[in-house]
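Data first, discussion second: the structure below is written as structure tokens.
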Amino acid sequence: MSTLDQTAHSSHDHDDHGHGGHHYHQPSTGEILGAMLTFSRDHKIIGLQFLFTTLIMLMVGGALALGVRWQLAFPFQRMPILGDLFFGSQGGVIAPETYTMLFTMHATVMIFLVIIPILAGAFGNFLIPLMIGADDMAFPLLNALSYWAMLPAIFFFGLSFFYGGGPAGGWTSYPTLSALQTAAPGSGAAQTCWLLAVTLVGVSSMMGSVNYMTTIINMRAPGMTLFRMPLTIWAMFITAILQAFALPVLTAAGFMLLSDRSFGTCFFVPAGIVVNNAAPTVGGGQTLLWQHLFWFYSHPAVYIMLLPAMGMVSDVMSCMARKPIFGYKPMVYSLAAIAGLGFIVWGHHMFTSGMNPALGMSFMVSTMMIALPSAVKTFNWLGTLWGGRIQFNTPMLNAIAFISMFVVGGLSGIFMAAVPVDIYFHDTYFIVAHFHYVLFGSTLFGVFAGITFWFPKMFGRMMNETLGKIHFVITFIAFNGAFFPMHLLGIAAFPRRLADPYHYPSLEHLLSLNQFITISAIVMGFAQFILLFNFFSSIFIGKKCGRNPWNANGLEWSAPSPPGHGNFESLPVIYRGPYEYSSPLTEKDYLMQTEYIPKSSQAAVAPTGH
């Protein structure tokens, strides 16, 4: 045992029943749900507030996606029931300007209100203090504000629907559509609401970022060295660094675009542009400047949406394979390499903008280099599974699906990294297939794995395993049915963002394939009600469980389920890393980070363990 461990063990003996001398209270389900309606500063409650909010937003974003899919499968046909409810003024059909609003807000809701806040907000808040042995976040009030800043963002996004049907410049909001208020339907007050909402989301993320970095650096329990942290915490830490460096750029760009729209500046508005017979614009702005600033944030944002899921899946996989994670340090270094490279590849989103070929070459090479650390992670996950005693339960099935979808999305990404190929694919459904495999397939299967794995810690009950597997099977099959054929659409040059692509005779034969995709998407969407029913019903009627129903090693599993205020009854002390499964030091197949084994016992047990 190291000197640090001996010192920690000694201090643990004296502080076993102290931890501030408070009386430990384990909350009931009613107390947890009640606290979610208050301005709580407890990190677990804030995490659950993020989780419940983002699950609701997931269904909203899914509904918007089904509107897009309906139009592509049944163009300008009346939508049953919902058509009259939402598009009554248009005869129950989706008008072209409404279609642009649907795909704009679908992507906006899914990225800014679902994927980023459910990973960094919900799981980051709930897990970080528990997994490093802290009693709360470093700045509890700032942590609470990070959630409550999301609510006005949701309000402004919702408000935008009441101004001409919503913003319609795409989730990227490229000028001049977004800079000139007369440019198109949805370019008026709706676009202003969109910009205000995105700015508030950025403020929320920045408050969380500062908190996560400070907490992980300064508040780890005795013995919790950096290389004893779980990969989930490493991923959250690196994600927080990404947010801290990338978000100010998007925030500044957002203020500049608001200034162009409201105060007559011309950061992004070129001179002499005539839109809808309005007076020519005055100025000398650069429309491409917005693209550079936006993608400088938004490509690292891809990894903000991906890295936490990578860490969570690593923890789930090691536990359910009953093996240590294969190559722990290379996994950490590859997380850092992905994040670092993520800052120098934003230009691959702009290959069709007419950039200098030399610059395009540099972005092409750096983009291809990201495949290297990604491959390290993929092969290490496979190495973790190899020879393991795999438990094919719901968390593990979703974790394996995460890897599968990540590989498919990564392989299709290699195509777009090459400039000549991307010029053909860029505005086709090949791109849609790629980023849904990476951001929807990978990320959400990682979220599903995380929800089912840590649900017992959140509420002290288990989710229904049968319902979990039914949800997984339907979602996995329907997801691939919806998005894999999009690669074929892209190869056939089927364009995105057009309400009626069948106007071109060369695309008419793709209607039947789009109908198959839409039916698969509808099945996938309705399958999420199984997840919601399982989640909310299990809070009240799920099977009660103890502290460690998975026989896992992580520090969070030594706390009561659900943990009370302060998380732990006594100050935890860490003696080893989080992946000591099948250790020769114990007869059990797991060895928790807090379990102290004297040297004499180690010498006695070790020979029998081989």
Side-chain angles (χ1 to χ4, degrees), residues 119 123 126-128 130-133 224-238 306-336 338 373-407 442 445-457 547-559 574-586 588-595 609:
L119 287 168
F123 287 103
F126 190 87
L127 293 176
I128 287 174
L130 283 168
M131 296 182 92
I132 66 171
M224 178 65 81
T225 61
L226 286 175
F227 282 106
R228 286 179 175 175
M229 296 194 310
L231 288 171
T232 297
I233 301 302
W234 271 110
M236 295 292 180
F237 181 52
I238 293 169
L306 196 59
L307 293 184
M310 287 179 168
M312 289 156 49
V313 162
S314 300
D315 284 355
V316 171
M317 189 162 292
S318 179
C319 176
M320 299 311 173
R322 314 310 295 168
K323 276 184 61 184
I325 198 76
F326 186 90
Y328 170 79
K329 286 190 176 180
M331 292 288 268
V332 173
Y333 297 143
S334 62
L335 282 170
I338 290 171
S374 300
V376 169
K377 303 198 74 62
T378 301
F379 286 114
N380 281 13
W381 284 321
L382 295 177
T384 303
L385 292 176
W386 182 262
R389 188 155 50 85
I390 300 174
Q391 303 174 16
F392 288 103
N393 49 28
T394 306
M396 187 59 152
L397 291 171
N398 282 293
I400 295 172
F402 167 90
I403 298 172
S404 306
M405 301 301 96
F406 176 69
V407 169
S442 296
F445 278 116
V447 167
F448 296 153
I451 289 174
T452 51
F453 186 67
W454 280 291
F455 184 90
K457 186 56 57 181
R547 295 176 182 235
N548 192 6
W550 306 117
N551 291 332
N553 289 342
L555 183 55
E556 74 273 23
W557 301 107
S558 63
I574 314 305
Y575 301 107
R576 63 191 58 82
Y579 302 113
E580 296 296 321
Y581 294 99
S582 304
S583 171
L585 299 181
T586 179
K588 301 176 296 184
D589 73 340
Y590 66 102
L591 183 58
M592 298 190 72
Q593 290 186 277
T594 54
E595 191 171 339

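These numbers come from the heavy atoms of this one structure, side chains and all, not from hydrogens, waters or symmetry mates. This structure is a prediction, so every number in the text was calculated from the model and none was measured.
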Enumerate donor-acceptor pairs with a distance under 3.5 Å from any side-chain N or O in residues 447-455 to protein atoms, sequence neighbours excluded.
from	atom 1	to	atom 2	distance (Å)
T452	OG1	F448	O	2.9
T452	OG1	A449	O	3.1
W454	NE1	E556	OE2	3.0

Taking side-chain hydrogen bond (donor to acceptor under 3.5 Å, both in side chains) as the definition, give me every residue that meets it alongside [X], ordered by chain and number, with sequence neighbours left out.
X    : result
Y581 : none
Q391 : none
S442 : none

If you count the non-hydrogen atoms of other residues, nucleotides and ligands that lie under 6.0 Å from OH in Y590, is the total more than 12? yes
Is it the case that N380 and Y328 place a side-chain donor and acceptor less than 3.5 Å from each other? no
Can you sort out the partners of F227 under ring-ring contact (aromatic ring centres under 6.0 Å, His included), two or more places apart, ordered by chain and number? W234
For F402, enumerate each residue passing the ring-ring contact (aromatic ring centres under 6.0 Å, His included) test, keeping only those at least two apart in sequence or located in another chain. W381
Answer yes or no: is there a side-chain heavy-atom contact under 4.5 Å between F445 and S404? no
Do M224 and Q593 have side-chain heavy atoms sitting under 4.5 Å apart? yes
Checking the side chain of N548 only, and the main-chain atoms of W557 only, is there a donor and an acceptor separated by less than 3.5 Å? no
When you measure from the side chain of S318 to the backbone N and O of D315, does any donor-acceptor pair fall under 3.5 Å? no
M236 to L119 - nearest heavy-atom pair and separation: CE-O, 3.4 Å
